[in-house]
There are 2 protein chains.
Amino acid sequence: MNIENLKTLFAQSGLKFTNQRYLVYRVMVEARDHPSAETVWRRVRGEAPAISLDTVYRTLASFEARGLVIRVPGNGEEGRFDGNPMPHHHLVCLSCGSIDDFTMPGAGLSDLPPAVASWGRVRDAQVLVRGVCGKCLGLSENNQPA
Amino acid sequence: MNIENLKTLFAQSGLKFTNQRYLVYRVMVEARDHPSAETVWRRVRGEAPAISLDTVYRTLASFEARGLVIRVPGNGEEGRFDGNPMPHHHLVCLSCGSIDDFTMPGAGLSDLPPAVASWGRVRDAQVLVRGVCGKCLGLSENNQPA
DNA sequence: GTAGATGCAAATTGTTTGCAAGAGA
DNA sequence: TCTCTTGCAAACAATTTGCATCTAC
């Protein structure tokens, strides 16, 4: 997304266009690893060393409120964010905390049972798989005594 | 579950049978509202006024590690726990924080796409729906100026 | 010019930990 | 008895907030 489009997007969302927001947004769109606020902060500081962590928190919160980023339902640790606007599902590693995406036909918003509609208004739906990723499984194998 | 069975269950899990664990377990099995640690604490204190909050945290953590309770993937607020051992899905209200259950055929462990198996070892899988529950929708309607 | 955004520091909240005393097996 | 568990208080980490300054519009 070029800068003009982004200015328009921010304006439509009622957000002023600031350098901090621009950088946070760019980091989020480029990230594939569902970074935490602090991780975003570290990345953004590469280009804006003076940005403060609370600005990153505030920026992510306002993005989330406007649907520009999504908060990944994690396992109770620190909040993780996702800049990918396409609906998708998540694999959470309980060992290293990594979060990966996957897709699954038949598990979209339109596939939810009717009972959900009577519950209230749905904002998003996803499958959340928890387990231990292959990398961590390999590590624990290597740690076994020979 | 009667006390003898529970003693056996704890013993099999390598847990000593203590009054605190007994009470926490009972609260969790009876709860339908996916309580937070502090909510569990408040309920348990009805019968054991001297129990401390950190004991509840430790107890829930050891139960979770042994699969006796499940941590509900929430939205970044406080941890919520579920004593229902049957696989099921969750509806999370972003307004009041309530968590409800629902069931959905075709969204169980056996329905996950093959790509998930190559990711690693799966511990559990669930559909997580976020939105605003009917009660909160009603409240916000009532709050509208006439 | 004005409302909204930022940086700093302090406060808040949820959760974990060290340690000494207590209780289950 | 001996290890595991508990309570207390202190420590911790993630996130939020008050306020003065600054900036986009």
Side-chain angles (χ1 to χ4, degrees), chain A residues 3-4 6-25 27 34-42 44-45 47-66 68-69 71-81 94 97 99, chain B residues 3-4 6-25 27 34-42 44-45 47-66 68-69 71-81 94 97 99:
Chain A
I3 295 209
E4 283 314 312
L6 194 52
K7 279 187 180 177
T8 307
L9 176 64
F10 280 6
Q12 287 170 344
S13 304
L15 294 174
K16 289 183 181 172
F17 185 86
T18 69
N19 198 245
Q20 289 88 328
R21 283 189 181 141
Y22 165 64
L23 292 172
V24 168
Y25 188 81
V27 164
H34 314 83
S36 67
E38 195 165 337
T39 301
V40 173
W41 183 49
R42 253 182 266 115
V44 169
R45 274 199 300 178
E47 302 194 41
I51 193 174
S52 71
L53 178 55
D54 23 271
T55 294
V56 174
Y57 272 108
R58 277 187 277 226
T59 303
L60 289 172
S62 64
F63 283 178
E64 188 198 0
R66 289 159 179 82
L68 301 179
V69 304
R71 183 182 292 264
V72 182
N75 215 44
E77 351 75 10
E78 355 104 70
R80 303 280 291 262
F81 297 87
L94 298 170
I99 299 178
Chain B
I3 295 210
E4 283 315 311
L6 193 51
K7 281 188 179 177
T8 307
L9 176 63
F10 281 6
Q12 287 170 344
S13 303
L15 294 174
K16 289 182 181 174
F17 185 87
T18 69
N19 197 244
Q20 289 88 329
R21 283 189 182 141
Y22 165 66
L23 291 171
V24 169
Y25 188 81
V27 164
H34 314 83
S36 68
E38 196 164 337
T39 301
V40 172
W41 183 50
R42 255 184 264 115
V44 169
R45 273 199 300 179
E47 301 195 40
I51 193 174
S52 71
L53 178 57
D54 22 274
T55 294
V56 173
Y57 272 108
R58 277 189 279 227
T59 302
L60 288 172
S62 64
F63 284 177
E64 188 198 2
R66 289 161 179 83
L68 301 179
V69 305
R71 183 181 291 264
V72 182
N75 216 45
E77 353 73 9
E78 358 109 312
R80 302 280 290 261
F81 297 88
L94 298 170
I99 300 178

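Below, read A as the first sequence line, B as the second, and so on, with proteins coming before strands; counting in each chain starts at 1.
Residue B:Leu23 contributes atom CG, which lies 11 Å from atom P of D:dT6 at whole-angstrom precision. Whole-Å rounding puts the B:Arg45 CZ to D:dT6 P distance at 17 Å.
Under the side-chain hydrogen bond (donor to acceptor under 3.5 Å, both in side chains) criterion, A:Glu47 pairs with A:Arg26, not counting sequence neighbours. Qualifying side-chain contact (heavy atoms from CB on, under 4.5 Å) partners for B:Ile99, counting only residues two or more places apart in sequence or in other chains: B:His34, B:Val72, B:Arg80, B:His90, B:Val92. Under the side-chain hydrogen bond (donor to acceptor under 3.5 Å, both in side chains) criterion, A:Asp54 pairs with A:Ser52, not counting sequence neighbours. Residues that satisfy the side-chain contact (heavy atoms from CB on, under 4.5 Å) test with A:Glu38, not counting sequence neighbours, are A:Ser36, A:Trp41, A:Arg42. In this structure B:Tyr57 satisfies the side-chain contact (heavy atoms from CB on, under 4.5 Å) test together with B:Ala37, B:Leu53, sequence neighbours excluded. Not counting sequence neighbours, the partners of A:Val27 by the side-chain contact (heavy atoms from CB on, under 4.5 Å) test are A:Val40, A:Arg43, A:Val44.
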All N/O pairs under 3.5 Å across the protein-nucleotides 9-13 of chain D interface:
residue, atom, partner, partner atom, Å
D:dA9, N6, B:Asp54, OD1, 3.2

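No contact: A:Ala11 has no heavy atom under 4.0 Å from any strand. Nucleic acid contact for B:Glu77: none, since no nucleic acid atom lies under 4.0 Å from a heavy atom of the residue.
The bend of the helix from C:dG1-D:dC25 to C:dA25-D:dT1, defined by the angle between the axes of its first five and last five pairs, stands at 40° to the nearest 10°.
Closest approach of B:Leu60 to B:Val69, counting heavy atoms only: O-CG2, 3.9 Å. Closest approach of A:Gly74 and B:Pro73 over heavy atoms only: O-CB, 3.5 Å.
Put simply, chain A comes within 4.0 Å of DNA chain C, heavy atom to any atom, from C:dA3 to C:dA9, going 5' to 3'.
Distance check: B:Glu64 CD to A:Asn75 CG gives 6.5 Å after rounding to the nearest 0.5 Å. Between B:Thr39 atom OG1 and B:Phe81 atom CZ the span is 11.0 Å, to the nearest 0.5 Å.
Mapping B:Phe81 and A:Gly14 onto DNA chain C by nearest heavy atom places A:Gly14 at the nucleotide closer to the 5' end.
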Spell out protein contact along nucleotides 20-25 of chain D as letters: B when the base is contacted, S when just the sugar-phosphate is, - when no protein heavy atom is under 4.0 Å; keep the 5' to 3' order.
----BS

Please tabulate, for side-chain N and O atoms in residues 9-23 of chain A, each donor-acceptor pair with protein atoms closer than 3.5 Å (sequence neighbours left out).
residue, atom, partner, partner atom, Å
A:Ser13, OG, A:Leu9, O, 3.0
A:Thr18, OG1, A:Arg21, N, 3.2
A:Arg21, NH1, A:Lys16, O, 2.9

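Within residues 55-62 of chain A, the residues having any heavy atom under 4.0 Å from DNA chain C are, by residue number, A:Thr55, A:Arg58.
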